[in-house]
> 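Just dropping this structure here.
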Amino acid sequence: MEAAATGLPIVTTRHSGIPDLVSHGETGLLVEEQDVQEMGRCIAELAAAPEHRHSMGRAGRQRVVDRFNLEKQMRKLIGFYENALSPKMEKQ
């Protein structure tokens with residue numbers, strides 16, 4: 001997430017929650033775990049395509065801003081608590 005926030009494209013594995021951040025071909029490139037050859041191919045692909053690399057970096061940064069912004073996440077969390085703690089109106 002930190003790399004994406006700085007505008008770097010990401011080459012990583014499809015592990016755990018990583019695909020929530022990295023959209024293959026849009027914000028970075030995803031490979032299967034332990035697929036070293038594919039990881040190397042993806043890194044070489046980005047090294048050879050500066051505009052593609054830069055557009056992925058911009059998209060990744062925007063995804064972090066849109067989805068992982070602390071202030072927005074805190075507002076959502078507060079909303080969940082307010083909703084859970086507010087008295088429910090009885091049906092008449």
> Nearest 0.5 angstrom please: I10 CD1 to H24 NE2, how far?
13.5 Å

> Looking at E33 and R14, does any basic side-chain N land under 4.0 Å from a carboxylate oxygen?
no

> Among pairs that include at least one residue of residues 43-52, which meet salt bridge (charged side-chain N to carboxylate O under 4.0 Å, His left out), considering only residues two or more places apart or in two chains?
R41-E45, E51-R58

> Is the closest side-chain heavy-atom distance between T13 and M39 below 4.5 Å?
yes

> Using the rule that two of Ile, Leu, Val, Met, Phe, Trp, Tyr join whenever any of their side-chain heavy atoms come within less than 4.5 Å, decide whether F68 and L8 are in one cluster.
no

> Does I18 share a hydrophobic cluster with V31, counting links as ILVMFWY side-chain heavy atoms below 4.5 Å and allowing steps through other members?
no

> What is the distance from atom CD1 of I43 to atom CD of E38, rounded to the nearest 0.5 Å?
10.5 Å

> Any salt bridge (charged side-chain N to carboxylate O under 4.0 Å, His left out) pairs touching residues 1-10, not counting sequence neighbours?
none

> Using distance only, find each side-chain donor-acceptor pair of residues 59-67 under 3.5 Å and give its atom names and separation, not counting sequence neighbours.
| from | atom 1 | to | atom 2 | distance (Å) |
| --- | --- | --- | --- | --- |
| R61 | NH1 | A5 | O | 2.8 |
| Q62 | NE2 | D66 | OD1 | 2.8 |

> Does any non-hydrogen side-chain atom of L30 lie less than 4.5 Å from one of T12?
yes

> Kindly compute the distance separating CE (M56) from CG (L29), expressed to the nearest 0.5 Å.
4.0 Å

